[in-house]
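Structure first, then comments.
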Amino acid sequence: MIKIAPSILSADFANLERDIRKIASADYVHVDVMDGLFVPNITIGIPVVKALRPTTSLPLDVHLMIERPVRYVEQFCDAGADIVTCHVESDSEENIRAALTKIHAKGKKAGVVVKPKTPAEAVLPFLNECDMVLVMTVEPGFGGQSFMADMMPKVAQIRAWIDERTLTCELEVDGGVAIQTRDACVNAGANVLVAGSAVYGAEDIPARIKELRG
Ligand code: DX5
Ligand code: ZN
């Protein structure tokens, strides 16, 4: 089954509770955390994750676009994150591994993310420890960008490794995912689709979520 993770980056930040209620039929709430260093934008931090936690029973899928995430992963878990993903580009292999271990020690799901220019092989050192791998289909930093179809071979390669190893790891795509691009993602082997503008820009949000799920 395909899961939909609407990104609240496209929600109204003055009305997050209301806008999270609008996506109650989704599978995850995707929370984009940016520090102005790893990416050229600053968004949501630990206090906001904590404030959002009681507003929904959906799992919070927290995408950390921050330098050296190992410093903060435990605080995001304590704030109520259910899944925490860290960019492989954001620290040394040793520290990313330490971040995954800390997330698991908190009883939460852990994963790694790769930017468009990062090859599929970069996930291999972590794959056996991952509950989620996220392949970016835009440069991280902003919502509303164009989908990069040339990321599909990377998604297919990672799907092949997950299946070969019979791992339970989920495979997520993020950036420019819409009605026109969801089939390419699913055909390449993604099972979780993040969508910001495609969900929050829809007249009928529940219908759009259903359509994206396919
Ligand atoms: C970009 C974020 C995405 C973004 C997706 O850095 O990681 O989650 O919100 O937005 P859309 O779906 O509009 O491309
Ligand atoms: Zn994201």
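Worth knowing before you read on, the calculation uses all heavy atoms, side chains too, and leaves out hydrogens, waters and symmetry mates. Ligands are counted one by one from 1 in listed order, and the atoms in each one are counted from 1 as well.
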(request) Report, in ascending order of atom number, the atoms of ligand 1 lying under 4.0 Å from any heavy atom of Pro140. (result) 6 (O)
(message) Of all the N, O or S atoms in His63, which has the shortest distance to the Zn ion (ligand 2)?
(response) ND1
(request) Considering only NZ, NE, NH1 and NH2 on the basic side and carboxylate oxygens on the acidic side, decide whether Asp78 and Lys108 come within less than 4.0 Å. (result) no
(request) Compute whether any side-chain donor of one residue and acceptor of the other, for Arg165 and Asn128, lie under 3.5 angstrom apart. (result) yes
(message) Return the CZ to SG distance between Arg68 and Cys86, rounded to the nearest 0.5 Å.
(response) 13.0 Å
(request) Using a strict 4.0 Å cut-off to heavy atoms of Met34, name the atoms of ligand 1 that fall inside it. (result) 6 (O)
(message) Could you check whether atom CZ of Arg97 has more than 12 heavy atoms from other residues, nucleotides or ligands sitting under 6.0 Å from it?
(response) yes
(message) I need the Leu58 CG to Tyr28 OH distance, nearest 0.5 Å.
(response) 10.5 Å
(request) Work out which heavy atom in Ala202 is nearest to a heavy atom in Ala198; give both atom names and the distance. (result) CB-O, 3.8 Å
(request) Note the single closest protein heavy atom to atom 14 (O) of ligand 1, along with its residue, its atom name and the distance in Å. (result) Gly176 N, 2.8 Å
(message) Between Glu139 and Lys117 (salt bridge meaning N to carboxylate O under 4.0 Å), is one present in this structure?
(response) yes
(message) I'd like to check which ligand 1 atoms, numbered from 1 as shown, lie under 4.0 Å from a non-hydrogen atom of Asp32.
(response) 2 (C), 3 (C), 4 (C), 7 (O), 8 (O), 9 (O)
(request) For atom 9 (O) of ligand 1, grab the closest protein heavy atom and report residue, atom and distance to one decimal in Å. (result) Ser7 OG, 2.8 Å
(request) Below 4.0 angstrom from a heavy atom of Met65, which ligand 1 atoms are there? Numbered from 1 as shown, please. (result) 6 (O), 7 (O)
(request) With the Zn ion (ligand 2) as the reference point, give the N/O/S atom of His30 that is nearest. (result) NE2
(message) Could you check whether atom CZ of Phe38 has more than 12 heavy atoms from other residues, nucleotides or ligands sitting under 6.0 Å from it?
(response) yes
(request) Could you pull out, from Thr181, Asp174, Val194, the option with a heavy atom nearest to atom 4 (C) of ligand 1? (result) Asp174
(message) Please determine whether the number of non-hydrogen atoms from other residues, nucleotides or ligands lying under 6.0 Å from atom NZ of Lys22 exceeds 12.
(response) yes
(request) Return a yes/no value for Val177: is any of its N or O atoms, backbone included, closer than 3.5 angstrom to an N or O of ligand 1? (result) no
(request) Look at atom 12 (O) of ligand 1 and say which protein heavy atom is nearest, naming residue and atom and giving the distance to 0.1 Å. (result) Gly196 N, 2.7 Å
(request) Report the nearest protein non-hydrogen atom to atom 6 (O) of ligand 1: residue, atom name, distance rounded to 0.1 Å. (result) Gly141 N, 2.7 Å
(message) Checking Asp32 against His30: is there a side-chain donor and acceptor pair closer than 3.5 Å?
(response) yes
(request) Please could you name the atoms of ligand 1 that His30 approaches to less than 4.0 Å, counting only its heavy atoms? (result) 8 (O)
(request) Report the nearest protein non-hydrogen atom to atom 13 (O) of ligand 1: residue, atom name, distance rounded to 0.1 Å. (result) Ser197 OG, 2.5 Å
(message) Does Lys109 have more than 12 heavy atoms from other residues, nucleotides or ligands lying within 6.0 Å of its NZ?
(response) no
(request) Give, rounded to 10 degrees, the angle between OD2 (Asp174) and OD1 (Asp32) as seen from the Zn ion (ligand 2). (result) 170°
(message) Let me confirm one number: the CD1-CG distance from Ile8 to Leu52, rounded to the nearest 0.5 Å.
(response) 5.0 Å
(message) Quick check: Gly144 and ligand 1, any N/O pair under 3.5 Å apart?
(response) yes
(request) Among all protein heavy atoms, pick the one closest to atom 10 (O) of ligand 1 and tell me residue, atom and distance. (result) Gly143 CA, 3.5 Å
(message) Give me the residue, atom name and distance of the protein heavy atom closest to atom 1 (C) of ligand 1.
(response) Phe142 O, 3.6 Å
(message) Under a 4.0 angstrom heavy-atom cut-off, which atoms of ligand 1 come close to His63?
(response) 7 (O)
(request) Within a distance under 4.0 Å of any heavy atom of Gly175, pick out the atoms of ligand 1 and give their elements. (result) 14 (O)
(request) Take every heavy atom of Ala198, measure it against each atom of ligand 1, and state whether any distance is under 4.0 Å. (result) no
(request) May I ask you to decide whether Glu211 forms a salt bridge with Arg208, counting only side-chain N to carboxylate O separations under 4.0 Å? (result) yes
(message) Using a 4.0 Å cutoff against the non-hydrogen atoms of Met136, which atoms of ligand 1 qualify?
(response) 7 (O)
